[in-house]
Number of protein chains: 2
Amino acid sequence: MASRTIENYLKQLYLEQQHVAEESVAMGRLATLMGVVPGTATSMVKALADSALVNYEPRTGVKLTAAGEQLALHVIRRHRLVELFLVQIVGLDWSEVHQEAEELEHVISEKLLERIDLLLGHPKVDPHGDPIPSAQGQVEELPPNTLVTCQEGEPLQVTRVLDQDAAFLQWVNQSGLTPGSRVQVVSRNPQADSVCVQSQDRPALTLSTSAAAKFLVKPRVA
Amino acid sequence: MASRTIENYLKQLYLEQQHVAEESVAMGRLATLMGVVPGTATSMVKALADSALVNYEPRTGVKLTAAGEQLALHVIRRHRLVELFLVQIVGLDWSEVHQEAEELEHVISEKLLERIDLLLGHPKVDPHGDPIPSAQGQVEELPPNTLVTCQEGEPLQVTRVLDQDAAFLQWVNQSGLTPGSRVQVVSRNPQADSVCVQSQDRPALTLSTSAAAKFLVKPRVA
DNA sequence: CCCATTATTTTGATTAATCAAAATAGCCTA
DNA sequence: TAGGCTATTTTGATTAATCAAAATAATGGG
């Protein structure tokens, strides 16, 4: 069985790959996510590569293999089921369950996990709206909602930006629509072919429908 | 915070001290309980002694300090509350919860623990009949039941033998009334000053009231 | 009272995960 | 194209927990 350190590296890699358009994750980024110095990430990733859990390109980055992704998905399944369990059955507040699940995800037996899954009625999403992978490691890829397809006023979080053009991404940075930022659609105007978006505490921002379609979003429960 | 290894050493020491009449636990015994070679136990115990969690007499044995006992009791509280939670709320079988609790006891937050305690209505004993220490580390020492004071027919487990005489202990070994064995009182005869006891699948056994009083027992829930 | 058996302690290595700091590679700019 | 900056990798140490095996102490029988 993978150590909890390995499980955490795989999990972070999976989550990072989700909303980073580039295929592979840079070592520095991984080190930051894991809260270790870069050298530690390098040596850990080499070990993961030896176990065929990741593909590692020195000086370029790291990417999960199919096996690594499966393992990551199982950890994420545990995490998200535990979160929902703690909210629904135990009655903790959804804001405190992430930290708790961070530990529990590594120690819960398969048996207990499936019992929890049953108790919750095989749920599809966790309290944050994130999808729960199946026991077979399949994720219900949420129908990719964008700033164009989502509901007006719904609290959202940007998950991914589908355009790699540098100038575009620079503008994204300035406008505060980077992955992770909290946004909501204020209004749409089909005649003007525009979408008005509010990002965090910034002034509202109007962009074209085609530009808005480049932003994948997910529902936010905060 | 103590590592989970330290928590486990302290827990084992506490449990062992419970039903061993001698004050201190021998190193070899501790090593066996922890599933490590004797040398490992020695070096670990030295570290515990440096942290003032145990008193260590080289070549004699080890004994929890007040601080060590407090820590042990907190671990045991976690363990037993988790066990009861898994049976009552999650619906696992009482036979499988020990293993599960063995892991969970180290990672559950104080908050979650108290929530579970509340959910269960501040219970006094776990599914095995073992008392649950309070949040302040107080144990309700169960009134010391013996083969003389318990109910006839009640399923019991021997917890302690109060006579250190070697010949007596040898006889205890032969008769199968060692700590941990499952017994029940078949009948008592005040006139004959005797107690008839059945131990596991052995033939029933009759001993004097004074001999029977040397056996501490606790209720068994199997 | 000495020796053999047994329990315990020492010693020296090992493994996983980490850090600090030096070395190196890649890339961009002047 | 030559520096120079930045990200990455190497190298050498460290810590916690462990084992194997040698050394040592205690105990009990002859």
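Chain naming here is simple, since letters A, B, ... match the order of the sequence lines and numbering starts at 1 in each.
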Report summary line: In short, side chain to side chain donor-acceptor pair (under 3.5 Å) pairs touching residues 42-56 of chain A with sequence neighbours left out are none
Please list every donor-acceptor pair under 3.5 Å in which a side-chain atom of residues 131-138 of chain A meets a protein atom from a residue at least two apart or in another chain.
unit_1, atom_1, unit_2, atom_2, d
A/S134, OG, A/Q136, N, 3.1
A/S134, OG, A/G137, N, 3.4
A/S134, OG, A/Q138, N, 3.0

Report summary line: Contact string for nucleotides 10-19 of chain D, one letter per nucleotide 5' to 3', B = base within protein heavy-atom range under 4.0 Å, S = sugar-phosphate only, - = neither, reads B------SBB
Query - Partners passing side-chain contact (heavy atoms from CB on, under 4.5 Å) against B/E7 (at least two apart in sequence or in another chain) - result: B/M1, B/A2, B/V75, B/H106
Query raised in the report: Could you give all pairs that pass the salt bridge (Lys or Arg N to Asp or Glu O under 4.0 Å) test and reach residues 91-100 of chain A, with sequence neighbours left out?
Result: A/E96-B/K111
Query raised in the report: Which part of the nucleic acid does B/A31 contact within heavy-atom distance under 4.0 Å: base, sugar-phosphate only, or nothing?
Result: nothing
Report summary line: Contacts of A/H122 meeting ring-ring contact (aromatic ring centres under 6.0 Å, His included) (sequence neighbours excluded), chain-then-number -> none
Report task. Using atom CZ of A/R59 as one end and atom C1' of C/dA25 as the other, report the distance to the nearest whole Å. Result -> 4 Å
Report task. Describe the nucleic acid contact of A/A47 in one word from base, sugar-phosphate, nothing, applying a heavy-atom distance below 4.0 Å. Result -> nothing
